[in-house]
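Encoded as structure tokens, the structure appears first; notes follow it.
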Amino acid sequence: MIFGVSPTKDAVVIAQATGSGETFVIKSIKSIQFQARSGDGLNELLQRLVVIFDLSGTSRGSTIALLGSSSGRFKSSVEAIKGEAITELAAAKSGLPVVRVTAASLKKALGCTPGQKWQASAEERFNPGSSRKNWSPGAVGAAAAAFKIAQGRLRVSDLQ
């Protein structure tokens, strides 16, 4: 299982996926709303993430693909950065490895055409015809991060 995680200003979006590059499938998308203004809100987020990672991440080889905070001209909000930190803490409590994914690396991973934004490519690939119920900008990032990690995985049949 790969957990693609995209922290936003008011939610942590998790895309649970399986497979490798060509067999990649998104199983579910969850959005966990949170309030970053209080310790109680962040503690509740931590507990909810630990439950999700513990229940679904027990299979061998589960990984968290964490879409890292943006820097530079389009910086992430303080709330998104807090969501990212709480996600890393929940991963540590659950014993799952975290692989940080940068937004800059997603263009190549998704095979974007010249001038195409990675968000548009991910939308076309993972939500054709707007068929997914919980689709959002956070879901785009979570799905793309999970896909990038899935590309690096080998199937058992690839080794034979």
With rounding to the nearest 0.5 Å, note down the distance linking CD1 in Ile52 to CZ in Phe3. 8.0 Å

Nearest non-hydrogen partners of Ala143 and Ile26, listed with the distance: CB-CD1, 3.6 Å

At what distance, to the nearest 0.5 angstrom, does NZ of Lys9 lie from NZ of Lys82? 13.5 Å

Linked, directly or transitively: Val78 and Val5 (ILVMFWY side chains, under 4.5 Å): no

Kindly check if the number of other-residue, nucleotide or ligand heavy atoms within 6.0 Å of NZ (Lys107) is above 12? yes

Main chain of Phe126, side chain of Arg132: is a donor-acceptor contact present, judged purely on distance under 3.5 Å? yes

Within the distance-only criterion (no hydrogens, no angle test), does the side chain of Ser94 pair as donor or acceptor with the backbone N or O of Ala90 below 3.5 angstrom? yes

Check the pair Leu67 / Thr102 against side chain to side chain contact (heavy atoms under 4.5 Å, CB included), numbers first and verdict last. CA-CA 6 Å; Leu67 185 59; Thr102 63; over 6 Å; no

Before giving the answer on side chain to side chain contact (heavy atoms under 4.5 Å, CB included), spell out for Lys93 and Leu49 the whole-Å C-alpha distance, their side-chain angles and the decisive distance to 0.1 Å. CA-CA 10 Å; Lys93 283 184 166 233; Leu49 289 172; over 6 Å; no

Restricting to non-hydrogen atoms, name the atom on Ala65 and the atom on Ala145 that form the minimum distance, rounded to 0.1 Å. CB-O, 3.4 Å

Quick one: do Glu79 and Gln35 satisfy side chain to side chain contact (heavy atoms under 4.5 Å, CB included)? Show the steps, please. CA-CA 8 Å; Glu79 293 85 0; Gln35 295 287 325; over 6 Å; no

For the residue pair Ile64 and Val99, establish whether any side-chain heavy-atom pair is separated by less than 4.5 Å. no

Run the side chain to side chain contact (heavy atoms under 4.5 Å, CB included) test on Val101 and Ile149 for me, step by step, so that the C-alpha distance in whole Å, both residues' side-chain angles and the decisive distance to 0.1 Å come before the verdict. CA-CA 8 Å; Val101 175; Ile149 298 308; 3.9 Å; yes

Rounded to the nearest 0.5 Å, how far does NZ of Lys148 lie from OG of Ser105? 4.0 Å

At their closest point, which heavy atom of Ile2 faces which heavy atom of Gly19, and how far apart are they? CD1-O, 4.2 Å

Quickly, which of Val12, Asp10, Leu46, Asn43 forms a side-chain contact (heavy atoms from CB on, under 4.5 Å) with Phe34? Name it, please. Val12

Got Val140 and Trp118 here, is their nearest side-chain heavy-atom distance under 4.5 Å? yes

Determine the minimum heavy-atom distance between Ala36 and Leu42, stating which atoms define it. CA-CD2, 3.9 Å

Heavy-atom side-chain proximity of Phe24 to Thr18 below 4.5 angstrom: no

Quick check: closest heavy atoms across Pro7 and Gly83, and the distance to 0.1 Å? CB-C, 4.0 Å

Between Pro97 and Ser62 the two heavy atoms that sit nearest each other are CD-O, 3.4 Å

Is there a salt bridge (charged side-chain N to carboxylate O under 4.0 Å, His left out) between Lys117 and Glu123 once you walk through the steps? CA-CA 10 Å; Lys117 294 185 182 250; Glu123 176 93 26; over 6 Å; no

Which of these passes side-chain contact (heavy atoms from CB on, under 4.5 Å) with Leu45: Leu89, Ile86, Thr87? Ile86

Kindly compute the distance separating CD1 (Ile29) from CD (Gln16), expressed to the nearest 0.5 Å. 10.0 Å

To the closest 0.5 Å, what do you measure between CG (Leu110) and CZ (Arg125)? 6.0 Å

For Gln33 and Ser31, does a side-chain donor sit closer than 3.5 Å to a side-chain acceptor? yes

